[in-house]
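To start, the structure itself, in structure tokens.
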Amino acid sequence: MGPLVLPAWLQPRYRKSAYLFIYYLIQFCGHSWILTNMTVRFFSFGKDSMVDTFYAIGLVMRICQSISVLELLHIYVGIESDHLLPRFLQLTERIIVLFGVITSQEEIQEKYVVCVLFIFWNLLDMVRYTYSMLSVIGTSYAVLTWLSQTLWMPIYPLCVLAEGMYFTYNHLYSERRDILRVFSIKKKIRYTA
């Protein structure tokens with residue numbers, strides 16, 4: 001019996017590329033599932049689908065965003081050659097918005113802005129992960145490269161606008177809730193007196 005021969009993709013020089021390809025493929029599949037699900041639901045149910053977007057795809061979105069934290073480790077360890085600070089800021093912002101704001105407040109999850117924000121995030125991530133996945137194996141498409149380098153320019157400001165609207169909704173809702181709480185306390189005091 002001769003020595004064990006590993007397949008080419010498991011040899012040490014290809015392990016990093018195989019790992020990154022699989023990571024990008026998993027992320028691409030997750031984000032494309034989310035965007036496809038949102039699109040099919042919109043064409044099936046119309047505007048009603050936007051209200052329960054978070055209930056339909058929130059779990060997969062949280063999983064994809066949780067897995068994306070690995071990208072910081074990839075950059076830190078040197079598996080991926082990218083800038084740490086911009087990726088850290090992007091992931092931190094998404095995790096705060098998704099886990100700290102959207103997930104924690106059920107009343108706000110039904111707003112249209114959640115659907116819009118998820119569409120923007122998933123469009124960016126689908127293009128980015130497709131480009132990165134194909135770059136790992138040395139394949140390049142001019143249109144995909146162009147999209148990867150320019151799509152963020154109009155979408156990031158729109159994301160900031162959507163997040164601003166979301167925080168405005170959140171603030172207005174909390175103010176309304178506080179006002180209603182004060183009125184209910186005054187009614188209780190008036191009826192008990």
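In this text the structure is predicted, and so the values were computed from the model without any measurement.
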Within the 4.5 Å heavy-atom criterion, are F54 and T103 side-chain neighbours or not?
yes

Would you say the side chain of V101 lies within less than 4.5 Å of the side chain of Q105, judging by non-hydrogen atoms?
no

Flag yes if more than 12 heavy atoms outside [X] fall under 6.0 Å of its [atom1] atom; otherwise flag no.
| X | atom1 | answer |
| --- | --- | --- |
| Y76 | OH | no |
| F88 | CZ | no |
| W33 | CH2 | yes |
| Y141 | OH | no |

Can you tell whether the side chains of K16 and E80 come within less than 4.0 Å, N to carboxylate O?
no

Whether R41 and D48 form a salt bridge (side-chain N of Lys/Arg under 4.0 Å from carboxylate O of Asp/Glu) is what I want to check.
no

Determine, using the 4.5 Å side-chain heavy-atom cutoff (strictly less than), whether F120 and I95 are members of one ILVMFWY cluster.
yes

Rounded to the nearest 0.5 Å, how far apart are CG of L123 and CG of L158?
10.5 Å

Between S148 and L144, is there a donor-acceptor pair closer than 3.5 Å when you use the side chain of the first and the backbone of the second?
no

With ring pair (Phe, Tyr, Trp, His ring centres under 6.0 Å) as the criterion, how do Y24 and H74 come out once you've worked through the C-alpha distance, each side chain's angles and the decisive distance to 0.1 Å?
CA-CA 12 Å; Y24 293 139; H74 296 166; 7.4 Å; no

Quick one: sort the H31 and Y129 rings into parallel, tilted or perpendicular, breaks at 30° and 60°.
parallel

